**Q** 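Please read through the structure below; I'll follow up with questions.
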Amino acid sequence: MTQVGGVTIQANWWAATLESVLGKAGSLARQKKVFLLSVFVPIMGLFLIIRIIPIILILLASFTNYSLKRPVTSFVGLNNFLRLFDDPRFVSGFWNSFEFVLVAVPLEIVGGLAIALLLSRKVKFEGFYQTLYFLPYILPTVPTAIIWRWIYAPGNFGLANYLLDSAGLARVGWLTDPNIALLAIIVMHVWKQLGFFVVVFLVGIKAIPAEFREASAVDGASAWQSVRHVDLPLLRPIILFGLVWSTIFAWSVFTEVYVMTQGSDVSAGSDLHVLSTRIYQEAFMFFNAGYGSAISFVLFIFSLLFVLLQFKALGSD
Amino acid sequence: MRKARSPANDVSRREFLLRSLAVAGGAATVAAAARPAKEVELIVWANFNEIHRYIVDLAPKYTQQNPSIKINCTLFAQRALDEKVAVALPAGQGPDIIDFASTQVLPYIEYVQFAPPDAVNFVKKNMPDAAFRECSTAKGELHTFPFYVVTSALYYNTDHFAEAGLKEPPKNLDEAAEYAKKLAKRDPRGNITRAGLDLRVAGGGFGLTEKFWVLVMEPNGVHVIDQVGDKWKAGYDNEAGQKALQFYIDGLYKHKYCAIDMKHDAEAFGLGVASMFCRESWVVDYLAKNAPTLKYGVALQPRGAKDWCTLAATRGFAVPKVSKNQEEAWKFIQWLVNDENCATFFKNYGWQPWRTNVDYSAAYKERPALKTFQDGLKTQGYRLYPYPQTPPAIEIYTRMADRLAAAFKRADLADNPKGIAQVMSDMAKETNQILADNNVLAK
Amino acid sequence: MARAMTVPAATMRRRVKLGRFMLHAFLLSTSVLFVMPLLWALFTSFKQPQDIITQVPALLPSTWTLENYAKLPRVAPFVRFFLNSIVVSTVSTLFIAVGCTAAGYIFAKYEFRFKGLLFFTIIATILIPLQTYIVPLFLTIRALGWVNSYAGLIYPTVIMSSGIFFMRQNILGIPDELIDAARVDGSSEFAILWNIIFPLSAAPVAAICIINWVFTWSLFIWPLVVASSSDMFTMELGLMYFMKEFIVDYGGIMAATTLTILPVLIVFLVFRTRIIEGVATTGMKG
C-alpha cells in the first residue's frame, strides 16, 4: 500500500465509523446529531458544572455538620432539618418569606395588569409612561435599598415621615416597627419589579385583536365587563408566566432585606429576617455551612411547590 | 616548549586554581549582592475605609525605601470582608495581610501564621500588655498583630449642658440618667426631638449588644460570658444583669430621655438631636468634617455600681498561611506601626493606635478631643477589657442583639422586674446553648 | 340585549374627555410618584453633605455641586470598575444570547430521550439563588487558577436557566413548516439557527439580554468573592468605597449610581419597542 493508499483507507475507516454512530452522511438525522453534539452538549456540560454539581454538593452538605469551627465533618442525617423546627429564627424567617410572597406577588401582578390595561386604552405618551414605570427595574439593588432607607428614615429625617408630619398625621416607624417593617420592604420590592410586569402585560394586551374588544362594546358591555370576559381569559398564559416569575424572585429576595436591616436607625432582629438572609447569616457569620444548606433546601422545596401549584392552577406545561 | 611537570609547577597550578576559584567566588558574591531582590507585591485586604486610605497614602513612601516591594491594598467594607474571608481562607486562597479585629481572626486560627519573634518582641516592647493578651493564644502565640484599639468614651454637647445648667459630664450611670432627663426635649405633640442620652436600641447585629455591654453591663460587674478554666458560661442571668436591662427600659419608657423611633448615633449627635452618646474615636473626625461648629466634650465612660472601665477591642493585621511573602508582610506591618506613622495615623485617620509611647501632640493640636481617648489607656483605675476570646463570641453577641432589640421595644417591661428577669434568663439559655454547641460550655 | 342609551352627543364627548383627563391625571401622578425616589437620587448626587442629612429633607439642592462626581476618580478607580462591569456584562450577555437561543431551539424543536427531565431540571435551578452554592463555584475557580481574573468573574454568568426557558417558549411559536422547508432546501442546522431562528427571535433575545445585563451588572457577592484586588472590581463593588463602617456617603453613591444606570437606560430607550414586544411575546406562549 502506498502512502496515499494508506491515507485513503484511514479516511474510509473514519467515515464508516462516523456513519455507524451518527447516521448516513448528509442525512437530516445526522445533521441534527452533529448540531446537538457540537452545540447542545457543551451548553449542557457548562450547565452541569456551573449549576447542577454545585447545587448537589450543597444539598449533600445539608446532611452534614460541616462548619468552619469543626475540624472534622461528619454525617448527621436529618439532624439539621429537625433542628429547623425548634429554631425560632428559622421559623420567623420562614413566615416572613411566606408573607413576602403572599403580599408582593399579587401586588405586582394586579398592579402591573391594572396599569397595563389603563395604558392600553390608546393613551398618548404611552412610551413615556412605560419608561417611567420601567426605570426602577434597571436600577441596581444596592443603591435602591439605600434610597429607600432614606425615605424610611426615622423622625423627620425620612421623606415618608416628613410628608406625614406636614399633613398633620402621626409618624410611622417604617423600619423600626416590627409589624410594618416587612411591609415597608415589600413596598420597595414591588416598586422595583412593577415596571417589568407593566411592560409584559401591556404587549400581551396589545396582541389581543381589536375586534374582540369592539365586539364586546357593541354588545353593550361596560369597560370592566370587557376586561373580565375578553382580556383576562386571553391573558391567562402571560399571567401564569408573571406569577411564576414574581414568585421565584419573592422567595429568594435577599439584597433589599439585607441592606435595609443594617445600620443603627433600623430594626434588627429576627423580625426582619427572610430565608435567604438567614442562610447568609448561618453560612457567613456563624460558619454553620451544613445548617445553612438545610435552610437552602427548604427554600428550594417551597418555591418549587408554589411554582408547581401555579402551573396546576393556571396553565399547561 | 611545554613546561615540564615539576612539583614546583604543580603547586603553582594548584595555586592558580585556588586563586581563580577565590576570585570567581568573590565575583559571584558581589554579583549576587548587586542583583536586585525578588519583586514582591504585598496584597492587603482592608476592612475600614480609614485603614485603606492610610495604607494607600503611605505605600509610595514604603516602596521608595524598599524598591522591590509594591503594596496593593483593596477595601472590602463592612460585612463584605467577612464574606470574602469566609469563602477564601478555607479554600486556600488569600492575601498577604488582612485588616481584622482579633475576635474575627479566632475562627480562622488554623489559617493564619503566628507572628515571628521580632514582631512579638515589638508588640511586647511598645504596646500595653492588654494588647498582647487579647491577640494571642493561651500558649502565647500572637495571631493578630495589634495596631489600633476601639475604645468607647462619652461624647457630650457642651451647649446643651450649659443650657441645662450642667457644668461637668456625668461621673456615673445614675448621674447620666439624671442629666439625660434634664437634657431631653419634646415637641408639642409629645414626640421626642432631642435625646438626653442616645441609646443604641436598634440595628447592626452584634454592635447593639456591644454598646449595651459597654454602657451598663461591665460597669455593673456583669460579663456576657464568664470564663471558668478554659470553658465559659453565660454571666448575666442575675440581679446585676437585670439592672442593666432596666437602665435601658427606664430610659425609653420611664424617664423617656430616648426613643426607638428617632435618629441615633453620630449622625444624631452631629445634628444636635442627641445631647450625649457613647462611641469610639472615629466620631471626632466625622464631626470635624460634618458638624464643624458643634461644641462638645469627651469624657471617660461613666462609672457603674461595681466598676469603671471601657471596651478595648483590638484591630490589627493577620497574615494568612497561604501568603507567599510572609517575611515581607511582617516587616511592612511593623513599619506601619512605627513612631512617625503611628502619629500620622492618629492625627489624620481618626482611629486610636495601641501604642502609648508615641508623641501624639500634633494630633491633639488639631483634634483636642482625641486626647481623652489616649489618656483612657493610661488612667489609673480605668480598666480595659477585650471581647471574650472564644470563637462563638460573635455568634453569641449577634443572637443576643436580636433578643435585646425585641426587649427594648417592650414598654410593658417598665416596672416589671419579673418580665425583665424572664428576658435575661431566656437569653442566657440561648447563650449557653451556643456555648454547648461549640463544646466550650462550663459545667 | 342592552337598551340603547339616549345620551346627547355633546355630553358623551364631555364624558369621554373627562375620562381621558382622569386617566392621564392618574397615570401621570402615579408614574411621577414612582420615579420620585430616582429623582431624589439624581438630585442628591448634586448635593453637598449638609443638604443630605438634614432635618428637613429637600428634593433640590440648596447649592448645586459637582464634587460628588469629581471626587469619584479620587475615591477609587471607577473608570476601571466601569470597564470591568462592561466586560463582564457584555461577554456574559453574548454567551447567553447565543447559548439560550440554541438550547431553546433544541428544546422546542428536537425530540430526544430525557428531554422533559432535562428541561425540568433547568427550570428547577432557577429557584436556587447563586449565593447558596457560591462555595463550590469558588473552589472550581480556584482549581482553574481563575481567581481575580475576568474568566473567574464571568464564569457562572455564561448560563441563564430562565433564559433557556424564555427562548424555548418563544421558539415553540415558530412554525415547523418554515424550518422543514429550509431543511428540504439543504440548510444545515447551524444555518437554520442563524438564518431563521435568530431573526425571528430578535425580540425575546433582546429581552433576555436586558434582563441578563441588569442581573450581571448588579451582581455583588460573586465578584466580591472572585476579586482579590481592586483592579478586578465591578461597579457594584466600587460602591463599597462609600460605605464607611457606620455611615453611608449618599452623595458619592448616588453619583456613581447615576453614571452606572446611564448605559442601561440608553440601551433601553434605543431598543424599547423591540424589547417590549419580546418580553411580552414570551409570556404569551405561557
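Within every chain, numbering begins at 1; the chains are lettered A, B, ... in the order of the sequence lines, protein sequences first and strands thereafter. Fair warning: this is a prediction, and the values are worked out from it, not measured in the lab.
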**Q** Carefully, step by step, assess A/Phe302 and C/Leu127 under the rule side-chain contact (heavy atoms from CB on, under 4.5 Å).
**A** CA-CA 10 Å; A/Phe302 274 90; C/Leu127 303 168; over 6 Å; no
**Q** Pick from A/Ile43, A/Ile279, A/Thr141: which one has the most heavy-atom pairs with chain C under 4.5 Å?
**A**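 Heavy-atom pairs under 4.5 Å are most numerous for A/Ile43.
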**Q** In terms of heavy-atom pairs under 4.5 Å, which option from C/Phe95, C/Phe190, C/Tyr105, C/Trp217 contacts chain A the most?
**A**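 Most heavy-atom pairs within the cutoff with chain A belong to C/Phe190.
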**Q** Not counting sequence neighbours, which residues clear side chain to side chain donor-acceptor pair (under 3.5 Å) with A/Tyr137? List them please.
**A**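 Residues passing side chain to side chain donor-acceptor pair (under 3.5 Å) with A/Tyr137: none at all.
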**Q** Could you look at A/Ser293 and say if it's the side chain, the backbone, both or neither that has a heavy atom under 4.5 Å from chain C?
**A**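 Neither part; nothing is under 4.5 Å.
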**Q** Which bit of C/Ile159 is near chain A, if near means a heavy-atom gap under 4.5 Å: side chain, backbone, both or neither?
**A**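 Both backbone and side chain of C/Ile159 come within 4.5 Å of chain A.
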**Q** What closest approach, in Å, do A/Pro136 and C/Leu38 show between heavy atoms, and which atom pair accounts for it?
**A**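 Smallest heavy-atom distance, with atoms named: N-CD1, 3.9 Å.
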**Q** Is it the side chain or the backbone of C/Phe107 that comes within 4.5 Å of chain A heavy atoms, both, or neither?
**A** side chain
**Q** Does A/Arg51 reach the main-chain N or O of C/Ile126 with its side chain, forming a donor-acceptor pair under 3.5 Å?
**A**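 No, the answer is negative, given that no donor and acceptor are paired below the 3.5 Å cut-off.
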**Q** Would you mind checking which part of A/Ile151 comes under 4.5 Å of any heavy atom in chain C, side chain (CB onward), backbone (N, CA, C, O), both or neither?
**A** side chain
**Q** As an exercise, state the distance from CD1 of A/Ile55 to OH of C/Tyr133, rounded to the nearest 0.5 Å.
**A**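 Between A/Ile55 CD1 and C/Tyr133 OH, I get 5.0 Å after rounding to 0.5 Å.
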**Q** Is there any residue in residues 247-255 of chain A with a non-hydrogen atom under 4.5 Å from a non-hydrogen atom of chain C, and which ones are they?
**A** A/Ile248, A/Ser252, A/Phe254
**Q** Looking at OG1 of C/Thr44 and CD1 of A/Ile146, how far apart are the two atoms once the value is rounded to the nearest 0.5 Å?
**A** 11.5 Å
**Q** Measuring heavy-atom distances to chain C, does A/Val39 have an atom under 4.5 Å in its side chain, in its backbone, in both, or in neither?
**A** side chain
**Q** Examine whether an atom of A/Ile52 lies under 4.5 Å from a heavy atom of chain C, and if so say whether it belongs to the side chain, the backbone or both; otherwise answer neither.
**A** side chain
**Q** To check you understand the geometry: which heavy-atom pair defines the closest contact between A/Leu46 and C/Val158, and what is its length?
**A**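 Shortest heavy-atom contact: CD1-CG2, 4.1 Å.
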**Q** In Å and rounded to the nearest 0.5 Å, what is the CD1 to CG distance from A/Ile115 to C/Leu27?
**A**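 CG of C/Leu27 is found 7.5 Å from CD1 of A/Ile115.
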**Q** Of the non-hydrogen atoms in A/Ile147 and C/Ala41, which two are nearest, and what is the gap between them?
**A** CD1-CB, 3.4 Å
**Q** Parallel, tilted or perpendicular: which fits the ring planes of C/Trp40 and A/Trp150, with parallel below 30° and perpendicular above 60°?
**A** parallel
**Q** With a 4.5 Å cut-off on heavy-atom pairs, point out which of C/Ile106, C/Thr132, C/Val214, C/Thr257 contacts chain A the most.
**A**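 It is C/Ile106.
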**Q** Quick one: closest heavy-atom pair of A/Phe300 and C/Ala124, and the distance?
**A**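 Nearest heavy atoms, A/Phe300 then C/Ala124: CE1-O, 3.5 Å.
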**Q** Measure the spacing between CD1 of C/Ile164 and CZ of A/Phe47 and express it to the nearest 0.5 Å.
**A**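 If I round to the nearest 0.5 Å, the distance is 6.0 Å.
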**Q** Is the distance between the ring centroids of C/Phe112 and A/Phe40 under 6.0 Å?
**A** yes
**Q** I'd like to check the salt bridge (Lys or Arg N to Asp or Glu O under 4.0 Å) partners of C/Glu236; sequence neighbours left out, ordered by chain and number.
**A** none
**Q** Shorter than 4.5 Å, heavy atoms on both sides: which option in C/Tyr155, C/Trp213, C/Phe215, C/Phe220 has the most such pairs with chain A?
**A**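 Most heavy-atom pairs under 4.5 Å with chain A: C/Tyr155.
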**Q** State, to 0.1 Å, how close C/Arg183 and A/Lys32 come at their nearest heavy-atom pair, and which atoms those are.
**A** NH2-CE, 3.6 Å
**Q** Kindly indicate whether the side chain of C/Pro129, heavy atoms from C-beta on, has any atom under 4.5 Å from the side chain of A/Leu299.
**A** yes
**Q** Could you list the residues that satisfy side chain to side chain donor-acceptor pair (under 3.5 Å) with C/Ser161, not counting sequence neighbours?
**A**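 Per chain and number, C/Ser161 pairs via side chain to side chain donor-acceptor pair (under 3.5 Å) with C/Thr125.
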**Q** Applying side-chain contact (heavy atoms from CB on, under 4.5 Å) to A/Ile50 and C/Leu137, what does each step give before you reach the verdict?
**A** CA-CA 7 Å; A/Ile50 296 180; C/Leu137 283 179; 4.3 Å; yes
**Q** May I ask you to name which of C/Val98, C/Leu118, C/Ile122, C/Leu193 has the most heavy-atom pairs under 4.5 Å with chain A?
**A** C/Ile122
**Q** For the pair A/Phe35 and C/Tyr110, name the ring-plane relationship: parallel under 30°, tilted 30 to 60°, perpendicular over 60°.
**A** tilted
**Q** Locate the shortest heavy-atom distance separating C/Ser218 from A/Pro140; write the atom from each residue and the value.
**A** OG-CA, 3.8 Å
**Q** What distance do A/Leu139 atom CG and C/Thr260 atom OG1 have between them, rounded to the nearest 0.5 Å?
**A**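 It is 9.0 Å, given to the nearest 0.5 Å.
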**Q** Measure distances from A/Val244 to the heavy atoms of chain C and classify the residue's part below 4.5 Å as side chain, backbone, both or neither.
**A** neither
**Q** Within the structure provided, determine whether A/Phe297 and C/Ile128 are in side-chain contact (heavy-atom separation under 4.5 Å).
**A**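 Result no, sub-4.5 Å side-chain heavy-atom pair not found.
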**Q** Checking heavy atoms, do the side chain of C/Met36, its backbone, both or neither come under 4.5 Å from chain A?
**A** side chain
**Q** Is a side-chain donor-acceptor pair under 3.5 Å present for A/Tyr133 with C/Thr30?
**A** yes
**Q** Just how far is it from atom OH of A/Tyr280 to atom CD1 of C/Ile134, taken to the nearest 0.5 Å?
**A** 10.0 Å
